[in-house]
Amino acid sequence: MLCPLGADGDGWPAGAGAVGPADVAQPAGLGGLAGGAGSAAAAGPSAAVALGDAVELGDAAAVGGSVGPVILATDLAAAVREHEQRGDVRWVWADTAEVYPALLAAGIRVERCHDVALTERLLLSREGAAGQPSYLAAAAARLHGRPVPPASRPAASDGPQPSLFDSPETPQDGLAQAAARLGDLVAVHAGQLTRIAAGPQPGRFGLLVAAESAGGLIAAEMSAAGLPWRADVHDQLLTDLLGPRPAGPVGPAGPRPARLADLAARISAAFGDGRPVNPDSPAQLVRALAADGVQVTSTRFSVLREIDHPAIPLLLEYKELARVHAAHGWSWLDTWVAAGRFRPEYVVGGVVSGRWATRGGGALQIPRTLRRAVIADPGWVLVVADAAQLEPRVLAALAGDQAFAEAAAAGDLYTALASAFGGDRNDAKKALLSAMYGGSGGEAGQLLSVLRRRFPQAYNFVETAAQAGEQGRTVSSVLGRTCPPPSQAWRSLAAGSADPDGGPDLGAGRAARARGRFTRNFVVQASAADWALVLLASLRRRLNTMGDGPPAGADRAGADRAGADRAGAGRGSSGWAGPHLVFFQHDEVIVHCPAAVADQVVAAVDDSAREAGRLLFGATQVSFPMTTAVVDCYADAK
DNA sequence: GGTCGGGGCGCG
DNA sequence: AAAGCGCGCCCCGACC
């Protein structure tokens, strides 16, 4: 069932659709980001609501109000494909993560969408209602003053709808449910547009909503495409480090590989009383060291390294190898790599700052040593691009600090700032990190006072954010993503300290400072996440114009899953014919593309970085250079 | 038997 | 050199 909205329901508040942020001189920005409408955004791309399949609906009146003509469809995928081919559609749907993977499996990509759940969460945070459920049914219930239904899926965070329909008894029931759900969708969408328009800086927030929704699409597309991963290379790497793969059960419970077993035995033997010590157990290690007269407060690598004891060198080696085995060993390989691809599940906005998280597979913690296994398909390359010194540059732009911005205009930021710190690049770096993270120990204090003197606006910007946090207020990113309010426990603690009879305020002061560090960092980290998200959306749009895009249809997608590990000539084994995103990690992206278009992709990355800077910060002097490498193997980048 | 917090460490 | 921010995931061991 499809329901294209009329031109006046184009998905944007009038002001935001036509222009970028009022104080950002980039009129065409939103439309461009959102999918290629460019300045035509003012005319309004049509939008549509996608709900389910095999359901017929009478007419627009049935779902209430301001929607355009209703199109009957018996096949969601086919209908979406048809509308996409006509172009100029923004799909409005409840939850990209729920709807889009099936479309991708059928070989269909969409240009843009409005994700109601992601948008709801952004709005709730801004409205001081963070933590309330953001799925469609909950949003609709709030809108209509009904009791909010419980999430019917065991909430991983804020769980999406379990399914499109609740197993209708009859086709008529199915129709009724679908109609109700579509009504909810239309109403909640309209309500969201109103809330965006009524809030502060609707242009910026609209950009955030567009970028977040694009992020939803990209996350699903990257999961579908997968990161090229050579299981044979990974296996060889493990064998070189750990010895041959042990026979027996796959999984953490399995036997230690030869090298780890050998080290474990020698570690036990190196202790005085000769009894077995499990090197995986910090408690046992502390006891065993104590028995030999060595007192330690922890068994961290950095602590152990300073200790003189025969077991230590073995232990350090063991810890390093055991980590690889446990986190990214054969068990991981069996679980997460199939048909030459690693397919993590990304969680858009999984971090309060707007950074992404992943579920399973630890995709955002791939150790450097294992990046050897990330190898482009034959004839293809990886374009690995990361934003150089993103967070301090974002701070420079946020604060509008002229002197700082000049230093961040080009080249290495820390080098440019070095003269202010007596010519030492490391001092400049330390001072900035301390300012952004709230560090105070060691020489940080001294360096901070230099920063304060030379770059007062940048210093004051993070200082103000820290004070807001300490006082229990919230802070926001440049596009308006808002941090969570303090917990009830925090408030009680803070209130207690103000009470003369409240006893010692030890905890209160510590909690206040901790929250200050959080909000101090939030404004920078979240704004950097804004930037990265806009970069990603912009890059996706550019890449889509360069190749013939996604696999042509379900047949191909099915065939790929069936396991063609190696690519045929000219087409990656994912079946994607053109450049496509395969990885995103905070400030770094990887594009998998035919070697012949690598130069174009590099240019697209640079253009996207410029566009992101312009959309967020307008005519700032600050530049956001990308460090880009074109490689066969991820490990060869930087 | 399962759950959960802590220690530790990978990434940005 | 580490620390100050944000995560996910492993193992252990206390606990129910």
Side-chain angles (χ1 to χ4, degrees), chain A residues 156-157 251-253 256 260 277-287 296-306 315-316 318-329 331-332 335-336 344-347 349-371 386-392 394-395 426-427 429-445 447-448 462 465-466 469 475 477 483-484 513-529 531-532 583-589 634 638:
Chain A
S157 76
R256 282 191 176 119
L260 287 180
V277 175
N278 180 357
D280 289 324
S281 166
Q284 289 186 32
L285 286 175
V286 169
R287 281 197 297 272
V296 290
T297 52
S298 101
T299 59
R300 279 207 256 301
F301 193 98
S302 55
V303 172
L304 295 182
R305 194 177 38 198
E306 306 304 320
L315 200 46
L316 296 180
Y318 177 90
K319 282 169 90 75
E320 198 171 337
L321 295 176
R323 168 84 197 175
V324 173
H325 178 243
H328 289 92
S331 172
W332 182 92
T335 306
W336 292 104
E345 184 185 352
Y346 296 92
V347 184
V351 181
V352 289
S353 66
R355 283 182 169 188
W356 292 11
T358 57
R359 239 190 312 266
L364 302 185
Q365 299 108 250
I366 300 171
R368 293 185 171 279
T369 51
L370 286 188
R371 297 181 181 184
D386 77 275
Q389 303 150 349
L390 178 59
E391 293 196 351
V394 164
L395 173 57
N426 268 336
D427 284 349
K429 185 173 178 177
K430 266 181 271 191
L432 274 173
L433 292 182
S434 296
M436 292 189 297
Y437 292 162
S440 55
E443 47 191 317
L447 294 171
L448 277 175
V462 286
V475 295
S477 73
C483 80
R513 285 190 296 276
R515 183 168 164 82
R517 286 194 300 274
F518 167 65
T519 51
R520 169 193 294 271
N521 182 250
F522 182 95
V523 292
V524 178
Q525 185 184 113
S527 297
W531 182 91
F583 193 59
F584 170 53
Q585 182 176 356
H586 311 318
D587 61 358
E588 175 180 2
V589 298
Y634 187 17
K638 72 182 177 187

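Each chain gets a letter, A, B and so on, in the order the sequences are listed, and its residues count up from 1. The shown structure was predicted, so the numbers you read here are calculated from the model rather than taken from an experiment.
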Contact summary for A/Ala431 and A/Leu447, nearest pair of heavy atoms: CB-CB, 3.7 Å
Value in whole Å for how far the C1' atom of B/dG12 lies from NE2 of A/His586: 4 Å
Touch class at under 4.0 angstrom, heavy-atom based, for A/Asp386 against every strand present: nothing
Syn/anti state of B/dG5 by chi, 90° boundary around 0: anti
Minimum-distance nucleotide (side-chain atoms of A/Pro282 versus C/dG4, C/dG8, B/dG8): B/dG8
OP1 or OP2 of C/dC11 under 4.0 Å from side-chain N/O of A/Ser281: no
Given DNA chain C, 5'-ward residue of the pair A/Gln525 and A/Ser434, judged by closest heavy atom: A/Ser434
Sugar-phosphate, base or nothing in reach of A/Lys430, heavy atoms under 4.0 Å: base
Nearest to side-chain heavy atoms of A/Asp280, which nucleotide of B/dG8, C/dC12, B/dG12: C/dC12
Whole-Å distance separating the NZ atom of A/Lys319 from the C1' atom of B/dC9: 9 Å
A/Arg517 to A/Tyr437 - nearest heavy-atom pair and separation: CD-O, 3.7 Å
Identified pairing partner of B/dG7, criterion: Watson-Crick or G-U wobble below 3.5 Å: C/dC10
Between C/dG13 (C1') and A/Arg287 (CZ): distance, integer Å: 10 Å
A/Arg305/A/Glu320 ion pair, N-O < 4.0 Å: no
Candidate nucleotides B/dC9, C/dC7, C/dC11, ranked by approach to the side chain of A/Arg300 - the nearest: B/dC9
For atom CD of A/Gln284 and atom P of B/dG8, their distance in whole Å: 14 Å
Any A/Ser298 side-chain nitrogen or oxygen under 4.0 Å from OP1 or OP2 of B/dG8: yes
Nucleotide nearest A/Ala283 (side chain, heavy atoms from C-beta), chosen from C/dC5, B/dC11, C/dG13: C/dG13
Atom pair distance, as rounded to whole Å: CH2 in A/Trp332 and C1' in C/dG8: 14 Å
Nearest-neighbour nucleotide for the A/Pro367 side chain, C/dC12, B/dC11, C/dA3 considered: B/dC11
Touch class at under 4.0 angstrom, heavy-atom based, for A/Glu391 against every strand present: nothing
Closest nucleotide among C/dG6, B/dC9, C/dG13 to the A/Arg323 side chain: B/dC9
Atom pair CZ/NZ of A/Arg300 and A/Lys319 - distance to nearest 0.5 Å: 10.0 Å
Distance in angstrom units between A/Leu285 CG and C/dG13 P, rounded: 10 Å
Phosphate OP1/OP2 of C/dC12: any A/Asn278 side-chain N/O under 4.0 Å: yes
Sugar-phosphate only, base, or nothing, as touched by A/Ile366 at under 4.0 Å among non-hydrogen atoms: sugar-phosphate
Exercise: identify the closest heavy-atom pair between A/Phe584 and A/Leu364: O-CD2, 3.6 Å
Nearest listed nucleotide, side chain of A/Phe301, among B/dC9, C/dC12, B/dG8: B/dC9
Sugar-phosphate only, base, or nothing, as touched by A/Gly360 at under 4.0 Å among non-hydrogen atoms: sugar-phosphate
Closest approach of A/Tyr634 to A/Gln585 (non-hydrogen atoms, all atoms of both residues): OH-OE1, 4.0 Å
Closest non-hydrogen atom pair between A/Thr519 and A/Ala465, with its separation: OG1-O, 2.9 Å
Distance in angstrom units between A/Arg520 CZ and C/dC5 P, rounded: 11 Å
Nearest to side-chain heavy atoms of A/Arg368, which nucleotide of B/dC9, C/dG6, B/dG12: B/dG12
Earlier contact from the 5' end, DNA chain C, for A/Ala357 and A/Arg305: A/Arg305
Between P of C/dG8 and CD of A/Gln365, the distance in whole Å: 8 Å
Selected nucleotide, minimal atom distance to A/Phe518 side chain, candidates C/dA2, B/dG12, C/dG6: C/dG6
Sugar-phosphate, base or nothing in reach of A/Arg355, heavy atoms under 4.0 Å: base
